[in-house]
Amino acid sequence: MSSAEFGWESLLHTDAPSGCSLKAALFTTYDRADGRLLVEHILPLLLKLSREPDGEGAERQYFLLELDRRLKQLHDHLVVVSSTAREEPGGAEEAESGTYGWIWRSIRHLTVGSRGKAVQHAKLWLLHWGAADKDGVEYLEIVVSSANLTRAAFKGQLQAAWRACIQLRPQRSEARLARWGMLPEFLRELAVSAGEDWRLAPFVELLARGDCPDGVVFVASVPGTHSRQVLRRTPWGAASLREIMPSGRGKVSVDILSPFVGSWSADALCLWCAPFEGSPDRLALVWIDKNHPWARSKWLMPVGTLKTLTGAGASLLHLRHDSDDSKETDLFHEEHRPADDRWSHAKVYSLKRGSSRRLLVTSANFSPAAWGRQNDDGQLTIENFELGVCVEQATWPFDDLEAFDSEEDAATVSELPSRGSAFITWARAAWDGNKVDVDCRCETDQELAGVLQFGAEWTPITNWTIDADGRLRSAQVPWADSKRSPLLVRLTCEQESVSVPIFDARASQEREDTIPPDVDEDAAQTMRDELLFEQYGGRVAADAEGEEPTDSDDDEVAGAGRPDSYSVPAFDLARRHLGVVDNWADQVKHAPTRATGEFEREVLRRDGELLIKAFKRQAERDDKKGSAWAIGARLAAEELTLRLNHFQEA
């Protein structure tokens with residue numbers, strides 16, 4: 001969505017200039033992130049992988065190894081924050097300990113709730129893109145949406161999203177950071193709740209290097225009970241709506257598109273409208289009828305709230321859908337087709353006063369859990385982390401909707417499904433090579449059971465350390481087997497079970513030899529060498545099959561050319577190897593030299609070290625064909641060693 005009108009496009013794209021590479025990313029989601037969505041869709045796009053995830057045989061293994069290599073380069077630079085539980089069920093092939101559980105060795109997965117109950121409901125992407133060349137600039141791409149990191153969110157739902165890609169300056173500025181409004185403080189509060197106070201600090205620093213787009217205001221909620229004094233300083237939840245009210249005189253009218261409407265009383269509704277100078281009789285809710293295919297399971301509103309809304313004078317706008325008559329179906333956009341069977345998960349609020357309109361794209365449903373419940377003292381109690389972005393907006397796609405003929409036709413439920421009271425509200429696990437550290441928060445004094453899983457094997461957690469309040473628990477499980485890196489901890493309290501991926505906190509050299517499941521261990525090293533050569537202009541053996549001549553039985557003539565060719569194959573192979581070295585050196589030459597380019601230079605330095613090892617292994621493989629074949633790889637290793645000795649780091 002631009003600041004002028006609604007668009008119609010996939011979330012799975014990037015506005016970063018070509019040639020940029022991802023340096024870091026933060027993703028927030030309500031449901032636990034779907035590993036299959038990440039591996040097969042999001043990561044190949046953002047990491048610009050050269051292979052497709054749906055390949056078979058060797059091609060599939062090359063894809064997994066290429067992804068593994070990029071994740072290791074970005075180790076601990078990719079962060080996902082969610083609630084503890086995963087509510088969307090997944091198939092057996094998506095199990096955390098199954099096909100794609102290994103990605104969490106490098107991706108830092110955090111959950112909120114370390115300091116008390118909290119729900120992570122915001123949907124934010126922060127993507128840090130490196131400079132495309134030595135003199136180029138870096139970029140920060142920001143996406144605020146209603147989309148969780150699940151396949152259902154991308155395949156079966158319509159989402160609302162706002163995206164911006166901004167240039168980053170080399171130096172930070174406090175004044176620049178202040179112009180981002182609530183966003184920096186939201187990130188800090190999110191990190192505190194995740195038990196990692198400093199973890200999101202690098203993303204706050206990126207905001208200090210970029211200018212907030214003109215006319216953009218961020219609106220946020222954080223869990224807790226906030227006093228009037230706090231809300232004046234940091235207006236969370238409903239209090240933040242005063243920051244986005246349109247200018248002018250008279251009452252503000254508000255149109256709401258939300259698939260979930262909470263339980264509202266008349267007083268609570270008035271208090272919610274007050275910050276933006278609105279009133280319930282100026283509120284219009286876009287809603288569906290009882291026969292709509294989204295009714296009863298996807299769009300939910302309690303009948304009590306419907307009575308509250310209509311009793312207060314609010315309008316109920318009829319979003320129609322007739323599968324047999326496209327003219328009786330209200331579409332979201334001119335490119336929206338009646339055959340599109342996705343249901344709307346978007347949450348959009350339009351505030352209007354006179355000719356001035358503001359549009360809020362947010363994760364927040366129209367519910368007190370998202371916006372807060374105000375008590376007699378003016379304190380606001382919020383349950384969820386929520387984030388939205390408000391822009392000046394000239395169009396609203398639902399201006400032509402008509403009101404319901406009868407409110408009795410509206411889809412309602414007698415009561416909303418209970419969110420449930422989770423026992424295990426926060427958890428994390430990390431492996432340092434010798435032990436797995438497990439921490440969690442359990443809101444009951446009932447027995448907590450835990451096992452460390454590796455495939456079908458498991459090791460019980462027998463000793464827990466409990467803090468003074470009895471909620472925070474920690475344990476250490478010995479694990480020194482580097483050939484079988486642990487993937488998962490499963491915690492159980494009564495009938496509740498939570499899976500916790502284990503982050504690999506070892507040094508980079510200790511992590512290099514791990515490989516994804518489904519990759520042939522005997523062929524893995526050769527394939528990784530080939531992928532490394534390919535990254536710098538070489539060719540994977542599978543691509544070059546048939547190009548090399550038939551091996552000679554005589555080592556003395558192994559490098560000789562064929563009778564019908566003037567070329568000497570061994571020399572051609574040497575040129576290809578030395579070309580890899582030249583390409584590496586060229587990338588070093590054009591790497592960013594500022595302090596912000598330290599990450600890129602470190603990757604190149606490490607790649608140089610790995611290339612030397614790879615060329616030495618290649619020389620051993622080539623030597624089996626004849627001594628002449630190994631000359632090129634040996635020369636490349638020697639040349640690269642000399643160049644690496646002169647590698648300059650700013």
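Small disclaimer: the values here were computed from a predicted structure and weren't measured. All values below were derived from every heavy atom in this structure, side-chain atoms included, with hydrogens, water molecules and symmetry-related copies excluded.
The distance from atom CG of Leu644 to atom CG of Leu640, rounded to the nearest 0.5 Å, is 6.0 Å. A distance of 4.5 Å separates CH2 in Trp479 from CZ in Arg484, rounded to the nearest 0.5 Å. In this structure, the separation between CG on Leu65 and CD on Gln525 is 9.5 Å, given to the nearest 0.5 Å. Rounded to the nearest 0.5 Å, atoms CG (Leu187) and CG (Leu26) are 6.5 Å apart. Taking CE of Met182 as the start and OG of Ser221 as the end, the distance is 8.5 Å to the nearest 0.5 Å. The distance from atom OG of Ser497 to atom CG of Leu491, rounded to the nearest 0.5 Å, is 7.5 Å.
Using modelled atom types, one side-chain atom of Thr641 and one backbone atom of Ala637 make a donor-acceptor pair closer than 3.5 Å. Panel note: side chain Asp34, backbone Arg36; a donor-acceptor pair is recorded below 3.5 Å. Not a single donor-acceptor pair under 3.5 Å links the side chain of Thr465 to the backbone N or O of Ala475. With hydrogens and angles disregarded, no donor-acceptor distance shorter than 3.5 Å links the side chain of Thr29 to the backbone of Arg32. Checking side-chain atoms of Gln120 against main-chain N and O of Ala122 turns up a donor-acceptor pair under 3.5 Å. When atom types are taken as modelled, the side chain of Lys347 and the backbone of Ser145 share no donor-acceptor pair closer than 3.5 angstrom. In terms of modelled atom types and a separation under 3.5 Å, the side chain of Ser363 and the main chain of Leu387 share a donor-acceptor contact. A donor-acceptor pair under 3.5 Å links the side-chain atoms of Glu496 to the main chain of Ile424, judged by distance alone. With hydrogens and angles disregarded, a donor-acceptor distance shorter than 3.5 Å links the side chain of Gln61 to the backbone of Asp520. Proximity of a side-chain donor or acceptor of Ser474 to a complementary backbone N or O of Asp439 within less than 3.5 Å is not detected.
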- Should Leu448 and Cys440 be marked as a side chain to side chain contact (heavy atoms under 4.5 Å, CB included) after you check the CA-CA gap, both sets of side-chain angles, and the distance that decides it? CA-CA 10 Å; Leu448 177 67; Cys440 71; 3.4 Å; yes

- Task: Evaluate the criterion side chain to side chain contact (heavy atoms under 4.5 Å, CB included) for residue pair Ser82 and His109; output intermediate values, then yes/no.
- Result: CA-CA 8 Å; Ser82 74; His109 181 267; 3.2 Å; yes

- Message: Working note: Trp102 + Thr514, criterion side chain to side chain contact (heavy atoms under 4.5 Å, CB included); need CA distance, chi angles, decisive distance, verdict.
- Response: CA-CA 10 Å; Trp102 56 272; Thr514 60; over 6 Å; no

- Message: Test ring-ring contact (aromatic ring centres under 6.0 Å, His included) on His75 and Phe503; report intermediate values, then the result.
- Response: CA-CA 10 Å; His75 185 81; Phe503 183 77; 4.7 Å; yes

- When you look at Lys23 and Glu600, which way does the side chain to side chain contact (heavy atoms under 4.5 Å, CB included) test go after all the steps? CA-CA 8 Å; Lys23 294 181 66 172; Glu600 288 89 341; 3.1 Å; yes

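Under 4.0 Å is where a charged nitrogen must lie from a carboxylate oxygen, and between Arg105 and Asp68 no such pair does. Between Arg199 and Asp76 there is a salt bridge, since a side-chain N of the basic residue sits under 4.0 Å from a carboxylate O of the acidic one. Looking at Glu138 and Arg169, no side-chain N of the basic residue comes within less than 4.0 Å of a carboxylate O on the acidic one, giving no salt bridge. Under a 4.0 Å N-O distance rule, the pair Glu205/Arg209 does not qualify as a salt bridge. A salt bridge links Asp504 with Arg506: the closest approach of a Lys/Arg side-chain nitrogen to an acidic carboxylate oxygen falls below 4.0 angstrom. Ion pairing of Glu512 with Arg528 is absent here, as no side-chain N (NZ or NE/NH1/NH2) approaches a carboxylate O to less than 4.0 Å. The pair Asp513-Lys483 does not meet the salt-bridge criterion, since no charged nitrogen lies less than 4.0 angstrom from a carboxylate oxygen. Between Arg601 and Glu598, no side-chain nitrogen of the basic residue sits less than 4.0 Å from a carboxylate oxygen of the acidic one, so the salt-bridge criterion is not met. One finds a salt bridge joining Asp211 and Arg176 here, because a Lys/Arg side-chain nitrogen approaches an Asp/Glu carboxylate oxygen to under 4.0 Å. The pair Glu638-Arg634 does not count as a salt bridge, with every side-chain nitrogen at least 4.0 angstrom from each carboxylate oxygen. Under 4.0 Å is where a charged nitrogen must lie from a carboxylate oxygen, and between Arg60 and Glu56 no such pair does.
Counting heavy atoms from C-beta on, the side chains of Trp458 and Leu452 never come closer than 4.5 Å. Side-chain contact check for Val581 versus Leu635: every heavy-atom pair is 4.5 Å or farther apart. In this structure, the side chains of Leu38 and Tyr100 stay at 4.5 Å or more apart for every pair of heavy atoms. With a 4.5 Å cut-off on side-chain heavy atoms, Arg428 and Glu196 count as touching.
At a cut-off of 3.5 Å, with distance as the only test, a side-chain donor of Arg490 or Ser499 sits close to an acceptor on the other residue. In this structure, a donor-acceptor pair under 3.5 Å is absent between the side chains of Glu141 and Trp125. Checked by atom type, the side-chain pair Lys123/Thr362 shows no donor-acceptor distance below 3.5 Å. Between the side chains of Asp607 and Tyr536, a donor-acceptor pair is found at a separation under 3.5 Å. In the model, Ser50 has a side-chain atom that pairs as donor or acceptor with a side-chain atom of Glu66 under 3.5 Å.
The distance between the ring centers of Phe385 and His121 does not fall below 6.0 angstrom. Proximity of the aromatic rings of Phe154 and His41 is defined here by a centroid distance below 6.0 angstrom, and this criterion is not met. Side-chain rings of His128 and Phe203 stay apart, their centers remaining 6.0 Å or farther from each other.
For Arg643 against Ala585, the heavy-atom pair with the smallest separation is NH1-CB, 3.1 Å. The nearest pair of heavy atoms linking Thr425 to Thr84 is O-OG1, 2.8 Å. Listed here is the closest heavy atom pair of Leu11 and Ala161: CD2-CB, 3.6 Å. The shortest non-hydrogen separation linking Ala429 to Val489 is CB-CG2, 4.2 Å. Between Ile515 and Val519, the closest heavy-atom pair is CD1-O, 3.8 Å. Contact record, Leu71 with Leu43: CD2-CD1, 4.3 Å, taken as the closest heavy-atom pair.
Just one residue in the list Glu59, Glu40, Glu530 forms a salt bridge (charged side-chain N to carboxylate O under 4.0 Å, His left out) with Arg51, and that residue is Glu59. Partner of Asp529 under the salt bridge (charged side-chain N to carboxylate O under 4.0 Å, His left out) criterion, chosen from Lys613, Arg69, Arg617: Arg617.
For Glu521, the CD atom counts as loosely surrounded, since its 6.0 Å shell holds 12 or fewer non-hydrogen atoms of other residues, nucleotides or ligands. The environment of CD in Gln171 is sparse: at most 12 heavy-atom neighbours from other residues, nucleotides or ligands sit within 6.0 Å. Around the NZ atom of Lys48, the shell of radius 6.0 Å holds more than 12 heavy atoms that belong to other residues, nucleotides or ligands.
Using bins of under 30°, 30° to 60° and over 60° for the plane-to-plane angle, the ring pair Phe615/Phe533 lands in the parallel bin. The aromatic rings of Phe218 and Trp180 lie tilted to each other, with the angle between the two planes from 30° to 60°.
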